[in-house]
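Protein chains get the first letters and strands the later ones, always in sequence-line order, with residue 1 at the start of each.
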There are 2 protein chains.
Amino acid sequence: MFSKACEYAIKACIFVAQSSIRNERVTPKQIAEEINSPVAFTAKIMQQLVKNNLVSSYRGAYGGFEIEKDRVAQISLSQIVSAIDGDKIFNGCGLGLDACSESHPCPVHHQYKTIRQDLQKLLDSTNLKQLALGIETGLSYLKT
Amino acid sequence: MFSKACEYAIKACIFVAQSSIRNERVTPKQIAEEINSPVAFTAKIMQQLVKNNLVSSYRGAYGGFEIEKDRVAQISLSQIVSAIDGDKIFNGCGLGLDACSESHPCPVHHQYKTIRQDLQKLLDSTNLKQLALGIETGLSYLKT
DNA sequence: TTTAATTCGGATATTTTTATCTTATTTATT
DNA sequence: AATAAATAAGATAAAAATATCCGAATTAAA
């Protein structure tokens, strides 16, 4: 469904959100430990998130990544997914046709559309604050 | 969502079903032309479908691929997807956790579960006969 | 001003997926 | 028996995704 990079990005964002709420910046190393991902690859992904303006970064000593507290509840999963995987999953044809549309549909177009829309609705309506809270209260986990 | 191989497999199966209903076997070349895919790669995928017992193959002159007429309506998209992509999409964790479950859920487990189930329901309930008919009647298309 | 801690950027390596090529095997027809 | 048409199987190639490494730039604090 999502690329590995995107899975890491989602988990990383949740952890950064959680830390940011506690006014703590985190490094790629801390993130990687927390979400069980390769450090350097995770760092690359963080750069993408910064470029896409979902996460803020601070260089130098006492630097790291954070998400402005006020924004935590405003950042949705769909923004993270779009930033890393693009919006093919929201717009693309289920069978990979370039020109799939209402008027020239692939065989699964109509069925697939429903799924896609449900997925988008879900990702739109799920934000980092909710997810961070879930971790914080022990309702869910970022690694096994 | 699906791998490219899986997208090809679905389209190929629909075309083979369509042909089989007309009592015609088809070659990888014909399939590739019809679904706009690379011939040799398509041939490999057909082999997998044969191994998974979804398609029958016949070697030698007048050979090719077919699906027994009686089975066309019995073969669902979920069977094709499972054969090519495995059932990670039906069972796997949305964030790639190995040990994601009701009692140890990832942050998106419950939301994701709904989507997964809807997808499975959809793929289970869509069969090759319906899809072939859609193409046959010009309601949908296998390529642009 | 030096140092240590950090992100950034580019180069490289590895693995997986996608794709091609070549040869062997099978089979209906002549 | 020979031939032509087909799938099967294995080797290889190319592209994309995943992952690592290293040096440069930045920054807070000592």
Side-chain angles (χ1 to χ4, degrees), chain A residues 1-12 16 19-20 23-33 35-67 81 83-86 88-89 92 95-96, chain B residues 1-13 15-16 19-20 23-33 35-67 81 83-86 88-89 92 95-96:
Chain A
M1 179 83 83
F2 306 127
S3 70
K4 219 135 217 278
C6 188
E7 293 176 357
Y8 294 151
I10 293 172
K11 289 185 272 195
V16 175
S19 306
S20 298
N23 298 303
E24 285 172 15
R25 291 178 183 162
V26 292
T27 66
K29 189 166 170 242
Q30 292 174 299
I31 298 172
E33 266 161 20
I35 72 174
N36 205 36
S37 65
V39 182
F41 190 48
T42 305
K44 286 286 183 218
I45 294 165
M46 294 314 294
Q47 287 185 34
Q48 283 190 71
L49 293 169
V50 169
K51 273 189 194 139
N52 278 271
N53 212 35
L54 296 173
V55 170
S56 308
S57 67
Y58 299 89
R59 287 180 162 197
Y62 292 78
F65 297 95
E66 70 172 48
I67 298 173
V81 171
I84 305 298
D85 281 351
K88 203 186 129 203
I89 194 152
L95 299 185
Chain B
M1 180 81 86
F2 306 127
S3 71
K4 218 137 218 278
C6 188
E7 292 176 359
Y8 293 150
I10 293 172
K11 288 185 274 195
C13 281
F15 176 57
V16 175
S19 306
S20 298
N23 297 305
E24 287 172 13
R25 292 179 183 161
V26 292
T27 66
K29 188 165 170 242
Q30 291 174 300
I31 297 172
E33 266 161 20
I35 72 174
N36 205 38
S37 65
V39 182
F41 190 47
T42 305
K44 285 287 183 214
I45 295 164
M46 294 313 295
Q47 287 184 34
Q48 282 191 71
L49 293 169
V50 169
K51 273 189 194 139
N52 279 272
N53 212 33
L54 295 172
V55 170
S56 309
S57 68
Y58 298 88
R59 287 179 163 200
Y62 291 79
F65 297 94
E66 70 173 48
I67 297 173
V81 171
I84 305 298
D85 281 352
K88 202 185 128 202
I89 195 151
L95 298 184

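- Residues B:Arg59 and A:Tyr62 each lie close to DNA chain C; by heavy-atom proximity, the contact nearer the 5' end of the strand is made by A:Tyr62.
- Across C:dC8, C:dA19, D:dT18, the shortest atom-to-atom separation from the side chain of A:Val50 is found for C:dC8.
- Put simply, the side chain of B:Phe65 reaches to within 4.5 Å of the side chain of B:Pro28, judged on heavy atoms.
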>> Applying side chain to side chain contact (heavy atoms under 4.5 Å, CB included) to A:Ile31 and A:Tyr8, what does each step give before you reach the verdict?
In response: CA-CA 10 Å; A:Ile31 298 172; A:Tyr8 294 151; over 6 Å; no
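- A:Gln47 has its CD atom 15 Å from the P atom of D:dT20, to the nearest Å.
- For B:Met46 and C:dA19, the CE to C1' distance is 17 Å, given to the nearest whole Å.
- Here D:dA19 is the nucleotide among C:dC8, D:dA19, C:dT20 with the atom lying nearest to any side-chain atom of A:Lys4.
- Considering only side-chain atoms of A:Tyr8, the nucleotide from C:dT18, D:dA9, D:dA19 that sits closest is D:dA19.
- Between the CZ atom of A:Phe41 and the C1' atom of D:dA16 there is a distance of 11 Å, rounded to whole Å.
- For A:Tyr58, no side-chain nitrogen or oxygen approaches OP1 or OP2 of C:dA5 to under 4.0 Å.
- A sub-4.0 Å separation between OP1 or OP2 of D:dA8 and a side-chain N or O of B:Ser57 is present.
- Nucleic acid contact for A:Val26: sugar-phosphate only, since backbone atoms but no base atoms lie under 4.0 Å from a heavy atom of the residue.
- The side chain of A:Ala61 lies closest to D:dA28, out of D:dA8, D:dA28, D:dA6.
- Remark: the A:Lys44 side chain and the D:dA19 base include no donor-acceptor N/O pair separated by less than 3.5 Å.
- Sorted by first and then second residue, the pairs that involve residues 39-52 of chain B and meet side-chain hydrogen bond (donor to acceptor under 3.5 Å, both in side chains), not counting sequence neighbours, are B:Ser37-B:Thr42.
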> Are B:Ile84 and B:Phe2 close enough, and set up right, to give a side chain to side chain contact (heavy atoms under 4.5 Å, CB included), and what steps lead you there?
Replying inline: CA-CA 9 Å; B:Ile84 305 298; B:Phe2 306 127; over 6 Å; no
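- Ranking C:dG9, D:dT20, C:dT18 by closeness to the B:Ala5 side chain, first place goes to C:dT18.
- Side-chain N/O atoms of A:Thr27 include none lying less than 4.0 angstrom from OP1 or OP2 on C:dA5.
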